Student: 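One structure, pasted below without further comment.
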Amino acid sequence: MKNYLKLLNFEVNRFFKLYLTLIGLIIVSQFIGAIVVSKGYMNVTDQVINKNQLSVSQYIKEYGLFSFEQFVGSEWFVLPILFSIAMLMIYVFFIWYRDWFGKNTFIYRLLMLPTERITIYFAKLTTIMLLVLGLVTLQILLIPIEIKIVTSIIPTDFRSDFSSSHFDSLEMLVWLYPNAFIEFILIYGVGLILVAVLFTAILIERSYGLKGIFFAIVYGMLSFGVFIAPILLNVFSNDYFYALEIFLMLLVMSIIVLGSAIWIANHLLKYKIRV
Amino acid sequence: MIEVKNVEKKYGRKRVLKGLSFTAEKGEITCLIGINGVGKTTIMKAIMALTPINSGEILIDGKKIRKESFEKVTFIPDTITMLPQMKICDAFSFMADFYKNWDPQRAEELLQFFKLDPTERIANLSKGNMAKVNMILGLALNVDYLLMDEPFSGIDIFSREQIAEVFTSHLIEDRGVIITTHEISDIEHLIDRAVLIDNGEVLKEFSVEEVREKEGKSVVDVMREVYRG
Amino acid sequence: MKKYWKTILMSLIIVTTIGSYYIQQAMASKNDISFKIETTRGNKGEIDNLILQASYQSDDTYHRLNISKEGSTNQKSGSFVGELIGQYKPLMIQKYIQEHRKFMRGKEINPGQYFEDEDRLIYTYFRSKGLGNLFTLQIDTLDKHTNDSSSFEINMPDQVRYDWITERDVYVENGKIKIIATSYLNGDEELHLYTVDKNKKELEHDSILAKLQLEERTKVIIQVFNDYNKVQNENYILYMVEKYKYLENGEREIISNPMYLYNYLNNEVKEWTIPAELKSYMNSIILQGTDIFIPVRSTNGLVVNRYNIEKKQWEEPINFKYPSIANAKEEPSLQITDGKLYLVDRVSDGHLFLIGDLRTGESLYEGKIIIENKEKLDADYSLYIEQIANI
Amino acid sequence: MTVKFNNRDPVYVQVIRHFKEQIAKGYFEPGQEIPSRRELANQLKINPNTAQRAYKEMEEQGLIFTEGNMPSCITKDEAVLKSVREELIIEAVDLFLGSIKSIDVPLSEVLELVKKKHDAESGEAEESK
């Protein structure tokens with residue numbers, strides 16, 4: 001357990017500098033966006049009001065209030081999120097391959113540590129989850145600040161009230177920030193399983209070289225197949241099962257998929273891995 | 001002792017190790033000798049379970065390798081096993097963090113012996129110095145067995161001499177050492193046992209002093225016989 | 001431990017932020033609107049096992065809830081858990097699933113496909129067989145006493161080719177299963193009556209009650225007035241065939257909308273004319289047993305006009321007195337089951353909930369549905385009752 | 001104290017001969033302490049196991065003795081010392097005879113030459129002192 005924590009901390013440290021730049025990028029882009037979008041809105045309203053001499057209430061009746069969702073939907077807000085997701089997806093692979101390639105052979109050191117080699121797998125898996133949840137947390141913390149920025153630029157009578165949760169405006173955000181905690185656990189649980197399966201696929205490739213890629217793909221599809229088997233089963237038995245039963249079966253399947261991913265990874269790291 | 005018992009290994013269809021067997025005693029320096037590509041490095045990786053073997057068995061003190069073994073055996077490959085952006089002192093604290101029998105004093109001693117600055121970044125070290133730091137990562141561990149892959153190849157003459165001195169020091173005494181090399185000349189009188197290897201097979205395994213005593217032959221003479229014969 | 005400050009710090013921030021975000025989300029939904037029923041008059045027992053499936057709407061918040069005498073339980077709209085336990089299925093279907101879990105497997109949730117009486121529950125399903133829109137009709141029967149079920153499938157004749165078929169009502173009587181269904185084929189709409197002989201397990205008769213081709217700009221809808229949400233064994237079906245077209249200014253102009261009464265027993269279709277003064281209340285027509293009710297909100301209550309189909313005459317209208325609000329923006333929610341009228345209508349301080357006996361016209365129970373957390377009151381909220389069922 | 005080892009004779013034998021030469025030359029007085037195994041390995045750049053073997057062999061031959069874990073010392077036994085000197089001289093003579101045999105010169109002539117060479121050298125040694 002102690003080795004797991006040390007390895008976890010070590011992996012986090014390795015990515016920390018890049019992580020800080022990512023966080024910096026998100027903050028800068030979203031803050032600038034908040035200013036730009038709000039200022040842009042105000043300029044437009046001033047022009048329209050002056051041009052056709054409208055009163056504020058007439059303008060509002062005609063063009064409606066500024067809602068925070070207009071900022072959330074803007075590219076300033078969305079692009080850094082997409083960029084971070086892409087970066088993390090790449091790092092899911094890079095977190096392993098960097099140990100093999102590059103000037104050094106750090107994988108030797110990792111595999112020669114006096115600890116179960118599966119600890120390396122768990123440490124890297126937890127690192128990815130920490131990085132993902134870290135950005136999820138960042139966004140939750142940034143929203144109130146961005147609201148302050150917007151409210152400082154757009155006077156109250158031009159904007160709707162910003163109280164309700166802002167994560168249900170964009171399809172993508174509804175997935176990243178479900179409104180029930182149980183849904184949060186399920187979604188990020190599936191995310192964890194996806195990363196675990198990807199890790200095992202990487203280890204398969206690392207253990208069997210060229211034909212390893214083929215094995216890895218087959219393994220990935222197999223895991224996906226097993227995971228959605230209950231849904232297929234239900235379709236072929238034309239809806240024989242109730243939603244709750246399907247859900248329970250999916251739960252069992254996901255535990256099987258996760259369990260097998262870990263078991264295979266453990267077996268590979270112990271007996272089949274090649275440096 | 002480390003026993004390698006008829007180990008078979010294939011890379012795809014190419015048979016790299018063909019039923020290879022030898023033993024390395026604790027307290028002796030065993031040298032695997034063979035030209036490049038005969039599978040010397042592969043054997044070492046196999047011993048450390050860094051590469052799988054198709055059949056055969058490798059025992060360390062009678063047991064298969066498991067996580068505790070890594071406190072008793074260490075492997076110094078021909079490239080450094082630390083991150084380039086690490087300082088030498090970071091590398092040492094990493095080792096101290098994970099290995100119970102990492103000996104900081106000995107590491108310090110070796111650093112002074114090799115005249116290296118602990119705050120230096122690994123990336124900026126010369127090839128020779130990098131080899132020395134890599135060496136310290138193994139030597140400063142209180143292990144029973146030390147596997148070194150081509151410790152002398154491709155580094156400057158002065159570093160080579162410094163490293164050779166290590167072999168005559170207390171650091172090696174009563175530890176099992178396996179080193180690999182493809183030119184035996186400069187370390188012939190350092191080793192206890194020689195294992196001549198050619199494309200994945202052991203041609204001859206002998207005690208160097210015995211051969212000198214009985215047949216008055218140097219290792220190079222034996223090699224000439226065996227490889228040409 | 002201090003060496004690992006980065007990881008520890010990160011984990012702490014993550015746990016606290018996400019934790020507090022979801023606690024705050026949970027809090028937010030906890031103090032959502034909640035209602036309770038306060039009895040003002042009549043016997044309390046009437047509402048004992050009643051559940052009102054309602055939806056609450058005020059400017060931009062909308063969510064569904066179940067109101068009963070214990071209070072109201074929120075169904076977070078589209079909550080995953082609610083979905084899982086089938087909370088959003090019509091109450092009648094939920095009841096069937098509870099009682100006949102095995103029989104109900106894989107069944108659709110449209111009450112119009114079911115027929116129930118003391119000893120049987122019958123389920124009908126038009127299954128389209130892949131491309132070319134060929135259909136088969138599947139009939140499952142559950143014997144409530146012995147609890148075993150049988151099922152047979154009939155291949156619909158070749159000319160039954162539609163994009164899709166929606167069952168509206170099922171009526172079973174001495175071996176004959178009569179299914180009223182609207183079928184659609186690229187825009188055209190037909191109201192069919194399929195008669196299936198239960199013993200011979202074959203389609204006996206397929207008559208078209210109403211058929212309309214889509215002329216160029218005219219639109220057509222067939223509206224069946226029987227209550228969609230409940231499985232009622234009415235002997236009659238009242239339906240209207242409305243033809244209308246859109247004028248340039250987007251207004252809808254009705255060309256014709258004759259209404260017909262179909263009698264399951266003797267297979268007769270008769271045209272039925274609604275009195276002119278009641279025409280504007282057509283949308284709240286309810287057919288129950290052998291009566292057609294048309295409720296009209298009056299200044300101080302509700303007048304329920306009643307037409308007896310068998311006697312073919314309008315009977316004495318029943319009226320219920322309560323301080324209704326003349327031009328309230330909400331329609332009264334009204335449901336008639338087993339001779340009782342269940343009415344929910346806007347009154348000054350909330351919603352009146354009235355249960356009246358249609359035969360005698362006197363109100364059995366009167367109560368008020370009011371918002372519990374007063375501070376949450378926002379004047380122009382609206383409460384729409386989708387269905388009232390006793391569980 | 002650097003020694004050039006050849007690769008054909010066992011290293012430990014060469015170490016022992018080196019010690020015998022030192023004793024014969026009087027570099028090591030009887031009873032004098034000699035370096036420990038570890039120091040010797042380091043000085044001569046040889047494998048500690050070899051140094052270990054050499055010491056064991058010398059002890060058997062009585063050249064050195066070690067009490068408890070005190071450092072080893074050269075023997076004081078005159079007989080052993082004398083035999084060491086003799087052994088080396090004989091060895092040198094064998095070597096000398098082996099090499100002049102091939103030149104086929106009468107023994108007396110050779111001895112004459114050796115005496116003259118020896119006197120000249122010892123004379124020089126006298127002046128230089």
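All values reported here derive from a predicted model rather than from experimental measurement. A, B, ... follow the sequence lines: proteins, then strands. Residue 1 opens every chain.
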Student: With a 4.5 angstrom heavy-atom cut-off, could you sort out which part of A/Phe10 is near chain C: side chain, backbone, both or neither?
Tutor: neither
Student: I want to check a possible cation-pi pair here: C/Lys107 against C/Phe103, using under 6.0 Å from ring centre and within 45° of the ring axis as the test.
Tutor: yes
Student: Which bit of A/Leu131 is near chain C, if near means a heavy-atom gap under 4.5 Å: side chain, backbone, both or neither?
Tutor: both
Student: Quick one: of A/Leu138, A/Leu141, A/Ile182, who has the most non-hydrogen atom pairs under 4.5 Å with chain C?
Tutor: A/Leu141
Student: Any idea which of A/Leu8, A/Thr126, A/Asn13 has the most non-hydrogen atom pairs under 4.5 angstrom with chain C?
Tutor: A/Asn13
Student: When you compare the side chain of A/Leu186 with that of A/Phe247, does any pair of heavy atoms fall below 4.5 Å?
Tutor: yes
Student: Using heavy-atom distances under 4.5 Å, tell me whether A/Glu11 contacts chain C through its side chain, its backbone, both, or neither.
Tutor: neither
Student: Does any backbone or side-chain atom of A/Tyr240 lie under 4.5 Å from a heavy atom of chain C? Answer side chain, backbone, both or neither.
Tutor: both
Student: I'd like to know if C/Lys201 and C/Glu153 make a salt bridge, using a cut-off of under 4.0 Å between side-chain N and carboxylate O.
Tutor: no
Student: Sort out for me which of A/Asn234, A/Asn238, A/Val12, A/Leu133 touches chain C most, counting heavy-atom pairs under 4.5 Å.
Tutor: A/Leu133
Student: Most heavy-atom pairs under 4.5 angstrom with chain C, which of A/Asn9, A/Thr137, A/Asp239?
Tutor: A/Asn9
Student: May I ask you to say whether C/Lys102 pairs ionically with C/Asp148, meaning some side-chain N is under 4.0 Å from a carboxylate O?
Tutor: no
Student: Is it true that C/Arg120 and C/Glu116 make a salt bridge, defined as a side-chain N closer than 4.0 Å to a carboxylate O?
Tutor: no
Student: If you take all heavy atoms of C/Ala181 and C/Phe126, which pair is closest and at what distance?
Tutor: CB-CE1, 4.2 Å
